Amino acid sequence: MIQMFHVYKNYEGSLTALSDITLKVDKGEFIFITGPSGAGKTTLLKLIFGTETPTEGQIIVDGRNQSRIDSKHIAYLRKKMGFVFQDFKLLPKRTVYENVALALEVMGIPPKDVKKSVLRALSYVGLRHRANYKPLTLSGGEQQRVAIARALVKEPTILLADEPTGNLDPDLAISIIDLFKDINIKGTTVVVATHDKMIIERANKRMIQIQRGRVVG
Ligand SMILES: Nc1ncnc2c1ncn2[C@@H]1O[C@H](COP(=O)(O)OP(=O)(O)O)[C@@H](O)[C@H]1O
Ligand SMILES: [Mg+2]
């Protein structure tokens with residue numbers, strides 16, 4: 001489903017963020033990307049998502065080469081992948097419903113279908129009753145679940161999550177990982193970047209460890 005071959009990423013004016021990354025994630029797999037802060041976890045997810053391009057190397061997502069990106073391809077990828085951002089990136093002036101709906105509206109889905117899908121996604125994460133609230137009136141755990149609903153509403157085949165348990169207490173963190181496991185059981189390939197060892201140990205899934213931009217285990 002996801003393959004990287006000798007991928008390098010240098011940001012302008014900084015050291016190498018990723019060096020010679022070669023990895024493979026199978027369809028339907030659940031994996032963790034782990035490593036200390038600055039290791040390159042977020043960069044790795046962004047390369048898969050296509051919002052950053054590799055300096056060198058090849059990235060194949062669902063049989064398509066990420067380095068040959070055109071606008072049609074980008075639209076295809078956006079539909080295919082959901083991304084749960086570390087800082088949620090919820091729009092504070094929009095309601096929970098509107099935040100989730102936007103993910104479908106930008107894809108040109110008709111309003112009738114949008115409503116059905118959004119309410120289903122919110123129910124799935126247990127937030128149907130928060131549909132008309134503004135994000136900042138919710139707890140951190142609830143905001144995280146809104147961000148997850150927004151990533152899931154387009155029924156992606158790949159779900160990428162960046163430190164999804166970062167700001168949550170352990171019980172909530174476990175419930176978020178359980179949610180990802182459930183999503184994975186339904187067939188979605190899940191890639192979670194985290195430095196939270198407790199979560200990784202408890203989940204018992206494959207883990208790719210990176211340090212200073214290199215795979216070390
Ligand atoms: N947009 C950027 N511009 C320049 N350097 C960046 C940028 N994003 C990340 N980096 C650098 O790349 C390295 C890896 O960062 P990142 O992928 O965010 O690591 P992690 O998510 O594991 O903490 C760090 O040294 C970081 O400072
Ligand atoms: Mg990061």
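None of these values were measured; they are calculated from a predicted model. Start at 1 and go down the list; that is how both ligands and their atoms are numbered.
A distance of 8.5 Å separates CZ in Arg214 from CD1 in Ile21, rounded to the nearest 0.5 Å.
Counting protein heavy atoms only, atom 17 (O) of ligand 1 is closest to Thr43 OG1, 2.6 Å. Regarding atom 9 (C) of ligand 1, its nearest protein heavy-atom neighbour is Tyr11 CE1, 3.3 Å.
Glu29 contributes a side-chain N or O that, together with a main-chain N or O of Asp26, makes up a donor-acceptor pair within less than 3.5 Å. A distance-only check finds a donor-acceptor pair linking the side chain of Ser123 to the backbone of Leu119 [under 3.5 Å].
An N or O contact shorter than 3.5 Å links Thr42 to ligand 1 by distance. No N or O atom of Glu12 sits closer than 3.5 Å to an N or O atom of ligand 1.
At most 12 non-hydrogen atoms from other residues, nucleotides or ligands lie less than 6.0 angstrom from CG of Leu15. With a 6.0 Å radius and a threshold of 12 heavy atoms from other residues, nucleotides or ligands, Tyr8 has its OH atom above the threshold.
Between atom 25 (O) of ligand 1 and the options Ala193, Gly38, Ala39, the minimum heavy-atom separation is to Gly38.
Asp113 has no carboxylate O lying under 4.0 Å from a charged side-chain N of Lys115, or vice versa, which leaves the two without a salt bridge.
Heavy-atom separations between Gly40 and ligand 1 include at least one value shorter than 4.0 Å.
For Pro36, every heavy-atom contact with ligand 1 shorter than 4.0 Å involves the backbone, none the side chain.
Ligand-side atoms of ligand 1 in range of Ser37: 23 (O), range being under 4.0 angstrom from any heavy atom. Numbered from 1 in the order shown, with element, the atoms of ligand 1 that lie under 4.0 Å from a heavy atom of Ala17 read 12 (O), 13 (C).
At a cut-off of 2.8 Å, Thr43 does not coordinate the Mg ion (ligand 2) through any N, O or S atom.
When distances from atom 13 (C) of ligand 1 to the protein are checked, a heavy atom turns up under 4.0 Å. For atom 21 (O) of ligand 1, a protein heavy-atom neighbour is present inside the 4.0 Å cut-off.
Of the residues listed (Lys186, Lys80, Arg120), the one engaging Glu155 in a side chain to side chain donor-acceptor pair (under 3.5 Å) is Arg120, and it is the only one.
The aromatic rings of Phe30 and Phe32 sit tilted relative to each other, their planes meeting at an angle between 30° and 60°.
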